[in-house]
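Shown next, in structure tokens, is the structure this report addresses.
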Amino acid sequence: MTTIKLHDKTFDTYLSAEIIQEKVIEMAASLNNDYKGKRPLFIAILNGSFMFAADLFKHLTIDAEICFIKLASYRGMKSTGHVITAIGLDHDLFGRDVVIVEDIVDTGKTLHNFLPQLHHQQPASFKIVTLLHKAEATVFPLPIDYVGFIIPDKFVVGYGLDYDGLGRNLKEIYQLSANA
Ligand code: 5GP
């Protein structure tokens, strides 16, 4: 096991680069099969998903498009809580087969708040792909169609995921050390 330090915390290897790559290939194979003859639009949620989305996309053999968006949360005028705006969503989703690409789904809140906006644009179909899912942390249940790894509710970094800006460049995924 390798231990790394980012800022004030230590992290231990959790998923090796090889295991991640095998899973990415497996997920891409499922997508290639499910979207045969279609031209899906992948929407990758920045920042964390950039590495997963790039690797996944490399293994797609179907015709596919990709765009990258950032979700920004702000308090709406109503008391209904946070509104999510999508920065960079310049594609018309009407009639498209849309696939959302996430690095990690934790409580599900971010996507849950964003989904009404997507549905509003009336895509032909809509699916969610996430590399990591903290299933036990779910507060807002989501229809997640493709999950790489179900992981415990512990903080992870690497492979696009950061701890206060650091760790995104790591090829492996690390978990916060028990004694950190
Ligand atoms: P949710 O809205 O599902 O609760 O959280 C989603 C976002 O929280 C993710 O896109 C990610 O930015 C962040 N997040 C949740 N868990 C982790 C984690 O273990 N590590 C890191 N680096 N970010 C996380």
Side-chain angles (χ1 to χ4, degrees), residues 1-17 19-21 23-24 27 31 41-57 66-76 80-89 98-120 126-180:
M1 184 168 66
T2 309
T3 298
I4 55 157
K5 194 157 199 278
L6 298 173
H7 298 295
D8 56 331
K9 302 235 182 304
T10 55
F11 297 85
D12 306 319
T13 25
Y14 177 57
L15 298 169
S16 70
I19 284 176
I20 295 169
Q21 291 307 319
K23 185 61 76 177
V24 170
M27 294 174 87
L31 289 160
L41 171 64
F42 287 77
I43 301 179
I45 314 288
L46 293 172
N47 291 327
S49 76
F50 77 95
M51 206 174 276
F52 171 50
D55 281 348
L56 188 71
F57 210 63
I66 190 165
C67 69
F68 293 83
I69 66 165
K70 227 174 165 158
L71 296 181
S73 159
Y74 66 93
R75 275 226 164 262
T80 43
H82 285 91
V83 176
I84 298 273
T85 44
I87 301 164
L89 187 55
V98 170
V99 185
I100 297 287
V101 183
E102 262 288 21
D103 47 345
I104 186 165
V105 175
D106 183 5
T107 64
K109 186 177 177 186
T110 313
L111 281 186
H112 172 86
N113 286 343
F114 176 52
L115 291 195
Q117 277 190 50
L118 279 187
H119 288 307
H120 184 68
F126 162 77
K127 287 192 177 181
I128 299 173
V129 179
T130 187
L131 180 66
L132 307 173
H133 181 27
K134 290 184 183 170
E136 66 195 49
T138 303
V139 178
F140 301 88
L142 293 165
I144 307 179
D145 304 277
Y146 305 89
V147 179
F149 302 96
I150 292 180
I151 64 166
D153 188 9
K154 287 187 185 161
F155 192 75
V156 288
V157 292
Y159 198 65
L161 289 153
D162 76 312
Y163 167 49
D164 202 9
L166 296 182
R168 293 196 197 276
N169 52 317
L170 299 163
K171 293 185 188 70
E172 310 80 16
I173 289 173
Y174 294 76
Q175 203 172 51
L176 188 65
S177 303
N179 53 359

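Just so you know, ligand 1 is whichever comes first in the structure, and atom 1 is the first atom listed for that ligand. These numbers were taken from a predicted model, which means no experiment stands behind them. In this chain, residues are counted from 1 in sequence order.
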Task: salt bridge (Lys or Arg N to Asp or Glu O under 4.0 Å) partners of Lys127, counting only residues at least two apart - done: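 Counting only residues at least two positions away or on another chain, Lys127 forms no salt bridge (Lys or Arg N to Asp or Glu O under 4.0 Å).
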Task: Phe149 six-ring face occupied by Lys23 cation (under 6.0 Å, within 45°) - done: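 Yes, cation above the ring, under 6.0 Å and within 45°.
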Task: Counterpart residues, side chain to side chain contact (heavy atoms under 4.5 Å, CB included), relative to Asp153 (two or more places apart) - done: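 Listed in chain order: Asp106, Lys134, Glu136, Ala137.
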Task: side chain to side chain contact (heavy atoms under 4.5 Å, CB included) partners for Phe50, two or more places apart - done: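 Here the qualifying residues are Leu46, Arg168.
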- [ ] Could you check Val105, Ile173, Asp103 and say which one makes a side-chain contact (heavy atoms from CB on, under 4.5 Å) with Leu132?
- [x]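 Exactly one pass, corresponding to Ile173.
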TODO: If the plane angle is over 60° it's perpendicular, under 30° parallel, otherwise tilted; pick one for His119 and Phe126.
DONE: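 Rings of His119 and Phe126: perpendicular, over 60°.
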Open item on the list: List the protein residues in contact with ligand 1, where contact means a heavy-atom separation under 4.0 angstrom.
Closed with: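 Around ligand 1, where the cutoff is 4.0 Å for heavy atoms, the contacting residues are Glu102, Asp103, Ile104, Val105, Asp106, Thr107, Gly108, Lys109, Thr110, Lys134, Lys154, Phe155, Val156, Leu161, Asp162.
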